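The structure under discussion appears below in the form of structure tokens.
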Amino acid sequence: MSSAARVHFPSGSTFHTDLKSRVQAYFDSTGREPHGGWAIRVKTAILAAWLMGSYALALFADVGPVLTGLLTVSIGLAMAGIGFSVMHDANHGSYAKSPRLNRLMGFSIDVLGASSHVWRQKHNILHHTYTNIAGLDTDLEASSMLRLAPSQEQRRFHRFQHLYIWILYAVFPLKWWFLDDSRELASGRIASHSFPPARGWALASALGGKVLFVTWAFVVPLLLHPTWKLLPLWLLGVGTLGVVTSVVFQLAHCVSLAQFPEANAGGQMQAGWAEHQVATTVDFARRSRLLSWYLGGLNFQIEHHLFPRICHVHYPAVSAIVQKTCGDYGVVYSAEPTLWSALASNLRWLRQMGRGPALRLQR
Ligand SMILES: [Zn+2]
């Protein structure tokens with residue numbers, strides 16, 4: 001497998017240059033700023049109130065097991081919503097103009113259990129630069145139980161992956177919070193990739209975030225309720241969070257319309273970086289205002305991958321420019337019309353990878 005340092009994209013893409021100028025012209029002509037502005041601050045307040053309200057009611061209101069279960073699902077959905085709409089933009093630097101505010105809001109992922117320091121290495125660098133390149137994009141390497149890319153080794157049990165993947169989704173936050181983060185923070189390595197170790201403030205905030213998270217999610221409930229009552233609720237909350245976040249990230253890249261290009265023996269990719277991002281990413285349900293709000297623009301992932309430093313509140317407008325520019329340059333732009341068609345495409349891809357041919361032709 002190629003290492004990140006040896007993989008290169010051809011430079012000088014006129015498509016990318018023209019696309020950037022057209023998007024810049026949009027911001028110049030409308031007078032808008034590429035960060036989130038008041039819209040994302042209002043959204044943050046709504047999501048925070050949703051999470052805190054659900055948490056307080058689940059802990060302190062004696063509403064019976066069914067309603068407490070629904071409140072726990074609500075906590076999982078609110079946590080995922082903050083991940084999609086606040087921490088994701090903030091850790092890309094697109095939440096606000098101020099780097100300090102971005103860093104502060106980026107810390108929300110630490111409060112919700114995972115290290116922002118590790119996330120920025122994994123997501124901003126490895127996933128965003130080397131999207132859908134097996135061995136480099138860590139999203140494809142989540143588990144050896146899964147075969148998500150054509151060049152990954154096919155094993156007999158993969159033929160059932162579209163069935164057992166739901167269990168992996170449901171428990172993956174636990175693995176992420178307590179195993180992966182600890183190992184990666186301690187070793188300074190994510191799989192075979194090394195990254196700057198967390199030291200000083202970065203290490204203190206990573207550890208402080210874990211303490212905060214364990215306190216609100218586990219210690220406080222244990223002080224108020226018996227363990228036997230909490231265990232099924234924790235599983236329900238973690239399962240909701242895990243399934244929702246995993247599915248949303250899968251729908252953009254692990255679907256029939258997405259490509260999985262590979263570097264040649266010299267580490268050279270065939271397409272330019274921007275063309276690569278469009279080829280490996282698929283939008284979905286772009287007309288759904290409710291989904292677009294909740295998913296923080298993760299249904300506009302082509303736009304996000306091309307412009308990660310533009311806040312998601314602008315993606316519906318930017319998507320029209322991206323789609324038109326792709327048309328002008330003959331770059332294939334892929335979008336599933338609905339959430340359900342995207343889910344069906346993801347399941348088709350998982351089944352194909354589980355039992356299909358080892359390699360797939362590039363378009
Ligand atoms: Zn991102």
Side-chain angles (χ1 to χ4, degrees), residues 4 9 16 19-20 23 34-36 40 43-44 47 79-96 99 101-103 105-110 112-133 136-142 148 172-173 176 180-181 184 190 193 195 241 244-255 258 273-274 276-286 291-316 318-319 322 334-335 342 346:
F9 293 94
H16 196 194
L19 180 61
K20 283 190 287 187
V23 170
H35 51 77
I40 201 165
K43 190 170 184 177
T44 304
L47 288 165
M79 288 174 74
I82 291 171
F84 298 149
S85 292
V86 179
M87 88 82 189
H88 183 215
D89 285 82
N91 279 305
H92 274 299
S94 63
Y95 181 97
L101 186 54
N102 281 321
R103 195 46 68 98
M105 301 316 289
F107 186 68
S108 58
I109 190 175
D110 294 84
L112 297 182
S115 160
S116 54
H117 182 79
V118 174
W119 168 265
R120 285 191 292 273
Q121 307 301 323
K122 251 186 204 174
H123 180 80
N124 293 13
I125 298 174
L126 294 171
H127 172 62
H128 267 272
T129 310
Y130 306 105
T131 314
N132 274 14
I133 303 178
L136 295 180
D137 180 350
T138 47
D139 281 16
L140 296 178
E141 318 293 331
L148 301 175
F172 115 89
W176 183 9
D180 296 350
D181 265 2
E184 288 156 2
I190 298 168
H193 319 290
F195 64 91
L241 173 67
V244 172
T245 48
S246 307
V247 165
V248 167
F249 279 97
Q250 283 266 319
L251 295 186
H253 303 296
C254 294
V255 285
W273 178 85
H276 176 91
Q277 297 303 322
V278 180
T280 55
T281 311
V282 178
D283 284 3
F284 63 93
R286 295 185 302 163
L291 268 182
S292 299
W293 185 89
Y294 176 65
L295 298 178
L298 289 172
N299 53 335
F300 288 93
Q301 286 239 37
I302 294 177
E303 290 68 27
H304 173 61
H305 269 261
L306 289 166
F307 300 101
R309 293 185 68 88
I310 292 178
C311 181
H312 72 264
V313 298
H314 302 292
Y315 289 161
V318 168
S319 73
V322 172
S334 304
N346 173 234

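Remember, predicted model here, so these are calculated numbers, not experimental data. Each ligand, and each atom within it, is numbered from 1 in the order the structure gives. Throughout, residue positions are numbered sequentially from 1 according to the sequence presented.
- Checking H304 against the Zn ion (ligand 1), an N/O/S atom falls under the 2.8 Å cut-off.
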- Message: Is there a side chain to side chain donor-acceptor pair (under 3.5 Å) between H88 and H312? Walk through the geometry before answering.
- Response: CA-CA 10 Å; H88 183 215; H312 72 264; over 6 Å; no

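- Defined by atom type and a distance below 3.5 Å, a donor-acceptor pair is present between the side-chain atoms of K43 and S85.
- Using cut-offs of 30° and 60° on the angle between ring planes, the pair H92 and H128 is perpendicular.
- Metal site remark for the Zn ion (ligand 1): H123 contributes an N, O or S atom at a distance under 2.8 Å.
- Rounded to 10 degrees, the NE2-metal-NE2 angle spanning H92 and H128 at the Zn ion (ligand 1) equals 90°.
- One finds the CE atom of M87 at 12.5 Å from the CG atom of L47 (value rounded to the nearest 0.5 Å).
- Nearest N/O/S atom of H88 with respect to the Zn ion (ligand 1) is recorded as NE2.
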